[in-house]
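First comes the structure, then the notes that go with it.
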Amino acid sequence: MNITSIEIFTTNLPLHRPFIVSYDTYFDLPSIVVKVTTDEGIVGYGEAVPDSHVTGETSASTYAMLEHDLAPALIGQDPFQLERVHERMNAIVKYAPSAKAALDLACYDIIGKATGQPVYKLLGGAYHETLDVPCVISILAPEEMARQAAKAIAEGYTNIKIKVGGDPAVDVQRIRAVRDAIGFEVPLRVDANQGWRTAATTLRVLKQIEDCRIEWIEQPVVADDIIGLAEIRQKTTIPVMIDEGLHGDKEMREVIVRQAADLINIKLMKCGGIFPACKLVAQAELAGIGCQVGSMVESAIATAAGAHLSLAKKAIFSNEMVGPLMFSRDFGKLTYENHQLKLSDRPGLGVDVDEAVVRELAVRSVRIS
């Protein structure tokens, strides 16, 4: 089987409400969809959701990289040969992880459809029985975050994740307000998205919220400060998760050597897709580090890919596959019941991509053959 054509569509997906993190406010999010066709007529879909603050890519640069470099290099290649596919892409460009992820996901979709298997079975089968998703709350006034958290618990959510990373003093108020609103029986996760910048600031904040019993603190320092993250882990009893600071094998090795994190947040858009994500899971498991599969707020396409990975791997204890819940338009549908994501057993990613919606929302497209 060989790839005969790749179509690339760049779009912007509208959100129900603004998504606010420490470094930006989003009213919509870029999504670049790839449609990969083979000589056997099997079609696979993938998605890139770049973030200039995290992956170093913009929508324009990702589209250009796919159009001019990565997609042409995969014409004539066998999508089953994933090691070779990634080697070929890596030889062209060192980084560009979300662009590579789009093509990686499409290859897995094709392999699943060609073999009649859902992707999670290609990854070892279902280890977990359910995929619970958290309620993720943007940075807002403390009282509004508390209100949204209480509402989410009333609706049946079993864990809450809040975004912080603004003024540290106000962040303390945010964390306390949410904890007071939901009580101590509900797990509370706190994500600073690099916003506290330094280990010193982080340690001052954590000292003030020790009694709030948060489940973990995620990426409090700037992404490349793994030494600072290690210092925080040494000086607090609160588990530490790395997110923006972890992309691939290089950072994973440093995290392990420096004992810089208790937990890692793997995102397909940061590491380049399912194939390299599996390597990160294996390394983390050997080091006794727990894994979460996070999201760059992706459509049903990439969300399904992350969910397949989450379902299959024992070391992945948590996921944040919430993108489709945040968009007012999407390219496909996933099933959420009682705040759990239900994957289908259909072959491949299991998403019926509505190409009419893709083409309607596309601001630019090209076909490579």
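- Proximity of I32 to L66: side-chain heavy atoms (C-beta onward) are separated by under 4.5 Å at one or more points.
- Side-chain contact check for D167 versus D171: every heavy-atom pair is 4.5 Å or farther apart.
- Side-chain contact between I139 and R174 is present, with at least one heavy-atom pair separated by less than 4.5 Å.
- Side-chain atoms of H247 never come within 3.5 Å of backbone atoms of P97 as a donor-acceptor pair (strictly under, hydrogens ignored).
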Problem set entry | From CA spacing to verdict: side-chain contact (heavy atoms from CB on, under 4.5 Å), K35, I6 | CA-CA 6 Å; K35 176 185 178 183; I6 300 174; over 6 Å; no

For this session: Could you walk me through whether W196 and V221 pass the side-chain contact (heavy atoms from CB on, under 4.5 Å) test, one step at a time?
Result: CA-CA 6 Å; W196 294 339; V221 297; over 6 Å; no

Problem set entry | From CA spacing to verdict: side chain to side chain donor-acceptor pair (under 3.5 Å), E244, N193 | CA-CA 7 Å; E244 288 95 336; N193 287 115; 2.8 Å; yes

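- Distance check: E210 CD to Q208 CD gives 10.0 Å after rounding to the nearest 0.5 Å.
- Note on K270 versus D243: salt bridge recorded, some NZ/NE/NH1/NH2 to OD/OE distance being below 4.0 Å.
- Of the charged side-chain nitrogens involved, at least one lies within less than 4.0 Å of a carboxylate oxygen, so that R147 and E144 count as a salt-bridged pair.
- For the atom pair R17 CZ and L140 CG, the distance stands at 8.5 Å (nearest 0.5 Å).
- Look at E7 and R359 and you find a salt bridge, because one of the NZ, NE, NH1 or NH2 atoms lies within 4.0 Å of a carboxylate O, short of that distance.
- Residue-environment remark: NZ (K342) exceeds the threshold of 12 foreign heavy atoms within 6.0 Å.
- Atom CD of E155 has more than 12 heavy atoms from other residues, nucleotides or ligands within 6.0 Å.
- At a threshold of 4.0 Å, the pair D352-K333 does not count as salt-bridged, since none of the basic side-chain nitrogens sits closer than that to a carboxylate oxygen.
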For this session: Step by step, work out the salt bridge (charged side-chain N to carboxylate O under 4.0 Å, His left out) result for D109 and K113.
Result: CA-CA 6 Å; D109 197 25; K113 290 172 178 175; 3.1 Å; yes

For this session: Kindly indicate, with the supporting measurements, whether the criterion side chain to side chain donor-acceptor pair (under 3.5 Å) is fulfilled by R329 and S299.
Result: CA-CA 9 Å; R329 299 287 303 277; S299 82; over 6 Å; no

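- Here the closest non-hydrogen pair linking I274 and A305 is CD1-CB, 4.0 Å.
- Using a 4.0 Å cut-off between charged side-chain N and carboxylate O, K161 and E215 make no salt bridge.
- Linking ILVMFWY side-chain heavy atoms closer than 4.5 Å, directly or via other members, places I316 and L341 in a single hydrophobic cluster.
- Distance alone, capped at 3.5 Å, places no donor-acceptor pair between the R367 side chain and the S5 backbone.
- Residue I8 comes nearest to A71 through the heavy atom pair CD1-CB, 4.2 Å, listed as atom of the first residue, atom of the second, then distance.
- Counted by atom type alone, S59 and T62 present zero donor-acceptor pairs between their side chains at under 3.5 Å.
- Among residues at least two apart or in separate chains, side-chain hydrogen bond (donor to acceptor under 3.5 Å, both in side chains) pairs with a member in residues 276-288 are D249-Q283.
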For this session: Check the pair Q292, I266 against side-chain contact (heavy atoms from CB on, under 4.5 Å), reporting the backbone distance first and the verdict last.
Result: CA-CA 6 Å; Q292 171 177 275; I266 297 170; over 6 Å; no

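- Taking both residues in full, the closest heavy atoms of P134 and V322 are given as O-CG1, 3.6 Å, listed atom of the first, atom of the second, then distance.
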Problem set entry | Pair H86-D104, side-chain contact (heavy atoms from CB on, under 4.5 Å): steps then yes or no | CA-CA 8 Å; H86 277 275; D104 170 281; 2.7 Å; yes

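- In this structure, the side chain of T55 engages the main chain of D51 through a donor-acceptor pair within 3.5 Å.
- The environment of CD in Q340 is crowded: more than 12 heavy-atom neighbours from other residues, nucleotides or ligands sit within 6.0 Å.
- Ring-plane geometry between W216 and F317 is classed as perpendicular, the angle between the planes exceeding 60 degrees on a 0 to 90 degree scale with a lower cut at 30.
- For E298 (side chain) and M296 (main-chain N/O), a donor-acceptor pair under 3.5 Å exists by modelled atom type.
- Taking a 6.0 Å sphere around CD of E360, one finds it holds more than 12 heavy atoms contributed by other residues, nucleotides or ligands.
- The cationic atom of R364 (NZ for Lys, CZ for Arg) lies less than 6.0 Å from the six-membered ring centre of Y63 and within 45° of the ring axis.
- Ion pairing of R176 with D211 is present here, as a side-chain N (NZ or NE/NH1/NH2) and a carboxylate O approach within less than 4.0 Å.
- Side-chain atoms of I289 and D262, non-hydrogen and from C-beta on, never get closer than 4.5 Å to each other.
- Within the 4.5 Å cutoff, the side chain of F331 has no heavy atoms near those of the Y45 side chain.
- Between G273 and L105, the shortest heavy-atom contact is CA-CD1, 4.1 Å.
- Between the side chain of H16 and the backbone N or O of F327, at least one donor-acceptor pair lies under 3.5 Å.
- L74 and I42 fall within the same hydrophobic cluster, where Ile, Leu, Val, Met, Phe, Trp and Tyr residues are linked whenever their side-chain heavy atoms come under 4.5 Å apart, directly or through other members.
- Using modelled atom types, one side-chain atom of S61 and one backbone atom of T58 make a donor-acceptor pair closer than 3.5 Å.
- For R179 (side chain) and R213 (main-chain N/O), a donor-acceptor pair under 3.5 Å exists by modelled atom type.
- Residue V36 is grouped with residue L70 when hydrophobic side chains (ILVMFWY) are merged at heavy-atom distances under 4.5 angstrom, including chains of intermediate members.
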Exercise. Can Y157 and N338 be said to form a side chain to side chain donor-acceptor pair (under 3.5 Å), step by step?
Worked result: CA-CA 8 Å; Y157 279 96; N338 299 319; over 6 Å; no

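- Tracing side-chain contacts under 4.5 Å through hydrophobic residues (I, L, V, M, F, W, Y), one reaches I368 starting from M1; they form part of the same cluster.
- Grouping Ile, Leu, Val, Met, Phe, Trp and Tyr residues whose side-chain heavy atoms lie under 4.5 Å apart, directly or via other members, leaves Y95 alone, with no other cluster members.
- When all heavy atoms of E320 and G294 are compared, the closest pair comes out as CB-CA, 4.3 Å.
- The cluster map of Ile, Leu, Val, Met, Phe, Trp and Tyr, joined by side-chain heavy atoms under 4.5 Å apart, puts L263 and I238 in different clusters.
- Among all heavy-atom pairs drawn from L123 and K313, the shortest one is O-NZ, 3.1 Å.
- Taking 4.5 Å as the limit, every side-chain heavy atom of T25 sits out of range of all side-chain heavy atoms of F19.
- Using modelled atom types, one side-chain atom of D39 and one backbone atom of N2 make a donor-acceptor pair closer than 3.5 Å.
- Taking the side chain as every heavy atom from C-beta outward, I3 and I75 approach each other to under 4.5 Å.
- Under a cut-off of 6.0 angstrom, the local environment of CZ in R346 is crowded, with over 12 non-hydrogen atoms contributed by other residues, nucleotides or ligands.
- Inter-residue side-chain proximity for D225 and I227 is flagged as met; some heavy-atom pair is nearer than 4.5 Å.
- For S138 (side chain) and I20 (main-chain N/O), a donor-acceptor pair under 3.5 Å exists by modelled atom type.
- Between the side chain of H308 and the main chain of L349, a donor-acceptor pair closer than 3.5 Å is present.
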